[in-house]
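Predicted, not measured: the structure shown is a model, and the values here were computed from it. The residues of the chain are indexed from 1 along the displayed sequence.
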Amino acid sequence: MATPLSPDRLLSALRAEGVKVVEYKSWRVHRRPASTGTFGPVNGVMIHHTVTSGTASSVELCYNGHSALPGPLCHGVIAKDGTVHLVSAGRANHAGRGDDDVLRQVQAESYDRGKTITPNEANTDGNARFYGFECVNLGDGRDPWPAAQREAIVRASAAICRAYGWSARSVIGHREWQPGKIDPRTGQGGVDVAPPVLRRLIDERLAHPASWSPGAEPTKPTTPTPTTPPKETPDVALTPAQDARLARIEKRLEEVAKNAAVAPWTYKNAALVAEAKKTGGKVPDMHGRIEAIQAALTELTKLVTTLTKES
């Protein structure tokens, strides 16, 4: 069984493949609650389009989710410029229920790479089995896909396949998993992102070292070989109490980030700070804000320590 990659290992694999990565908020601990199911054993990578435009708003949506579907909605958001914004390393709401026959084909890598798979059932939890990448695109058949964005899809998918020793047959589109889905849908004036095209490019990449770039001097082809299964702790089901602590940690991290971003900080001397504390007044200066952030970090450290001991 393939256990999910730890956040550090996932990040390392992506960067080794030449992917430009942005770590968004507290992506390392951001996941769906244990009560919704597990993440793993994993069997593949699934590609989606966001049906949105704009990087910042798309990343925020995929991190937070919406009223009908809470976040995270994927593991990484791939922007038009090819940057991958990581929003989760655990279970995410992206695949939904799909065809168990497709899952078996992916597990065995037994289907024709050059053809699109047609699912006809929705009876299996895909969120437990697939990494998901949401690509910023309206999905209307007109919005073009830049070459840089497709290259990032190929590199990100290859990074995960290389980590597990998979071929490109472990990469599918959402439309190949769940009946009625159309993503990823190729637009007009850009490059083709049909799953068979992506798989061809991914296998081409896997035949070279991770550092390879298209157009570079040819290197001796290599066959991907399975790596030693990750030794990190598998993604286990958390208790309700641990889920609650994770939620508190994430909330406090966001509060710290918000407080740290407040500007400008007015500077006042230590005597005024001491006087404000003595009288019980508010300390709206640099000293007070730094102390508040330090107190929040101390609280977070205690929460993480407690959670780690109970895991």
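In the hydrophobic clustering (ILVMFWY side chains linked at under 4.5 Å, chained through shared members), Phe130 is joined by Met46, Val102, Leu103, Val106, Tyr111, Ile117, Ile172, Trp177.
Of the options Arg205, His208, Arg155, a side-chain hydrogen bond (donor to acceptor under 3.5 Å, both in side chains) to Ser213 is made by Arg155 and by none of the others.
Residue pairs meeting the ring-ring contact (aromatic ring centres under 6.0 Å, His included) criterion with at least one member in residues 81-107, sequence neighbours excluded: His48-His94, His75-His94. Among pairs with a residue in residues 33-57, none fulfils salt bridge (charged side-chain N to carboxylate O under 4.0 Å, His left out), at least two apart in sequence or across chains. The salt bridge (charged side-chain N to carboxylate O under 4.0 Å, His left out) analysis of residues 111-128, with sequence neighbours excluded, yields the pairs Arg91-Asp125, Arg113-Asp203. Among residue pairs with one or both ends in residues 52-71, none qualify as salt bridge (charged side-chain N to carboxylate O under 4.0 Å, His left out); sequence neighbours excluded.
In this structure a side-chain-to-backbone donor-acceptor pair under 3.5 Å is missing from Thr124 to Arg97. No donor-acceptor pair under 3.5 Å is formed between the side chain of Asn127 and the backbone N or O of Asn93.
Annotation for Lys181: atom NZ does not count as buried by contact number, only 12 or fewer foreign heavy atoms lying within 6.0 Å.
Side chain to side chain, Thr36 and Arg31 fail the donor-acceptor criterion of an N or O pair below 3.5 Å. With 3.5 Å as the limit, one finds no donor-acceptor pair spanning the side chains of Asp8 and Ser6.
Every residue meeting the side-chain contact (heavy atoms from CB on, under 4.5 Å) condition with Thr116, not counting sequence neighbours, appears here in chain and number order: Arg175, Glu176, Pro196.
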